[in-house]
Number of protein chains: 2
Amino acid sequence: MKKAETTRLTILQKAFELIYVNGYQTTSIDEIIATTQVTKGAFYYHFKTKDEMGLAIINEILKPTLTKSFIEPLQKEQNPLVAIYNLMDNLLMKNEFLKVEYGCPASNFTQEMTPWNVDFGKALNEITKEWTEVMTSTIEKGKENGFIRKEVNAEQVTIFVLSGYWGIRNFGKLENNKKTYLPYLKQLKIYLKSLE
Amino acid sequence: MKKAETTRLTILQKAFELIYVNGYQTTSIDEIIATTQVTKGAFYYHFKTKDEMGLAIINEILKPTLTKSFIEPLQKEQNPLVAIYNLMDNLLMKNEFLKVEYGCPASNFTQEMTPWNVDFGKALNEITKEWTEVMTSTIEKGKENGFIRKEVNAEQVTIFVLSGYWGIRNFGKLENNKKTYLPYLKQLKIYLKSLE
DNA sequence: CCAAAAACATACTACTTAGTATGTTTTTGT
DNA sequence: ACAAAAACATACTAAGTAGTATGTTTTTGG
């Protein structure tokens with residue numbers, strides 16, 4: 001990788017972490033360049049504005065990250081009910097990067113940036129769309145393979161499950177303890193079983 | 001009401017609306033005193049800091065509001081499954097104050113303020129605790145009255161339902177359309193029916 | 001009615017913010 | 001090797017921020 005590209009990526013990655021912890025508004029450019037050891041000139045050579053950087057973070061950091069940890073696991077299991085439960089269990093209890101006190105980065109961004117920044121909303125919507133589409137088609141396949149009852153509405157279940165995930169992340173922030181996730185996971189398991 | 005109390009309440013109410021729409025960080029004191037027609041001297045006579053005002057908003061505006069629209073409806077119905085569904089339907093589809101593009105004020109506050117402000121977290125946690133306790137006991141009563149199966153875990157269901165609500169609020173922000181709520185509500189109904 | 005306290009008004013400060021102007025250094029293609 | 005472009009560095013600006021200093025007006029209790 002070229003050195004200039006490295007600089008750019010360093011900014012995006014460090015800024016992403018800072019924003020995940022502190023929020024977008026409260027993470028200043030000065031803070032970003034201080035922790036990355038990059039000067040202001042370098043920063044503004046790579047990004048015209050702070051929002052351009054924010055968009056780049058969503059598209060170049062958040063999106064591939066979520067694809068890897070949210071989407072791929074769904075495609076590797078044949079039984080979608082098992083896949084969904086294991087995905088949630090991994091995201092909530094085992095993922096090393098996602099911290100209970102900081103919530104879900106995608107959810108944080110959505111909460112903080114929409115509706116007042118249209119571009120952010122669009123970019124985040126694309127990510128969500130990808131996730132819901134994959135989960136929906138996974139469920140559909142599960143119906144064909146006899147894992148799930150035929151009368152189950154795949155899209156409804158997807159939205160229901162995703163909502164639960166985002167919501168329990170919020171709950172975790174409040175309680176600041178992963179134990180909060182346990183009753184959610186238990187009930188999720190029961191709910192998923194009801195779809196068999 | 002005394003005039004001074006009126007001033008204080010005006011500040012809290014207008015600030016609450018501004019924060020609901022724009023977020024806490026991006027709502028400045030100057031903006032608040034401009035829209036309330038209250039001078040800076042008056043503002044800082046009533047509140048020592050911005051955060052003191054924020055806390056007052058949570059305790060004096062948000063808390064009673066949520067009690068009225070989130071908790072009381074649960075206590076007026078005997079069948080908890082009907083009560084929960086109608087509550088969600090009202091909050092999502094019919095409530096005039098809550099707008100799809102701005103989400104749920106309690107959720108917004110939680111997302112934006114915790115964990116970096118401990119006092120905010122505590123105050124918000126109390127509100128949530130109240131809601132979950134009422135919903136849990138409502139479900140327990142429903143078990144005794146034969147509306148809900150005995151083996152259902154009330155606390156699990158409460159957390160599951162509340163998570164879904166917060167999550168779908170986030171979804172609504174992304175889509176900026178109340179229609180997003182419909183598949184969630186349909187699936188919620190099915191889920192609740194499975195508890196009978 | 002009138003002094004003391006409460007309530008409000010105005011002008012200011014110190015600091016932070018995103019962004020710019022104007023450089024210098026490094027890389028790159030020929 | 002060397003000019004041109006890319007990449008980075010430093011010092012600055014203008015606008016905003018929360019909060020303060022120092023007043024004036026209004027209310028209140030005796």
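These numbers come from a predicted model, not from an experiment. Chain letters run A, B, ... following the sequence lines, proteins first and then strands; every chain starts at 1.
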Ignoring backbone atoms, test whether His46(A) places a side-chain nitrogen or oxygen under 4.0 Å from the OP1 or OP2 oxygen of dA6(D). no

Kindly point out which of dG19(C), dT27(C), dA9(D) is positioned nearest to the side chain of Ala42(A)? dA9(D)

Looking at Ser28(A), does any N or O in its side chain come under 4.0 Å of the phosphate oxygens OP1/OP2 on dT16(C)? no

Shortest side-chain distance from Asp30(B), nucleotide among dT17(D), dA6(D), dA18(C): dT17(D)

Atom-pair distance (CD on Glu52(A); C1' on dG19(C)), nearest Å: 13 Å

Pairing partner of dG23(D) (Watson-Crick or G-U wobble, both distances under 3.5 Å): dC8(C)

Gap between atoms NZ and C1', on Lys3(A) and dA9(D) respectively (whole Å): 12 Å

Can you tell me which residue pairs pass the ring pair (Phe, Tyr, Trp, His ring centres under 6.0 Å) test with a partner in residues 26-64 of chain B, sequence neighbours excluded? Phe43(B)-Phe47(B)

Protein-nucleotide distance (Ile33(B), atom CD1; dG19(D), atom P), rounded to Å: 13 Å

Nucleotide dT17(D), atom P - distance to CG of Asp51(B) in whole Å: 16 Å

Under 3.5 Å, is there a donor-acceptor pair linking the side chains of Ser194(A) and Ser194(B)? no

Side-chain atoms of Ala4(B) come closest, of dC8(C), dT17(D), dA18(C), to dC8(C)

To the nearest Å, give me how far apart OH (Tyr24(A)) and C1' (dT17(C)) are. 13 Å

Determine the contact category for Thr39(A): base if any of its heavy atoms lies under 4.0 Å from a base atom, sugar-phosphate if only primed atoms, P, OP1 or OP2 are that close, otherwise nothing. base

Modelled atom types, side-chain donor and acceptor of Gln111(B) and Ser107(A), under 3.5 Å: yes

Rounding to an integer number of Å, can you tell me how far Ile11(A) CD1 sits from dC8(D) P? 8 Å

For the aromatic rings, using the six-membered ring if either is Trp, is the centroid distance between Tyr181(A) and Tyr165(A) under 6.0 Å? no

Hey, does the side-chain of Lys50(B) have a donor or acceptor N/O within less than 3.5 Å of a partner on the base of dG19(D)? no

If only atom types and distance count, is the side chain of Glu175(A) paired as donor or acceptor with the main-chain N or O of Asn177(A) below 3.5 Å? no

Closest to side chain of Tyr44(A), choosing from dA7(D), dG19(D), dA18(C): dA18(C)

Distance below 4.0 Å between Thr7(A) side-chain N/O and dC8(D) OP1 or OP2: yes

For Phe43(B) and dA6(C), what is the distance between atoms CZ and P respectively, to the nearest whole Å? 20 Å

From CD of Gln37(A) across to P of dC8(D) the rounded distance in Å is 14 Å

State which of dG19(C), dT27(D), dA18(D) makes the closest approach to the side chain of Lys40(B). dA18(D)

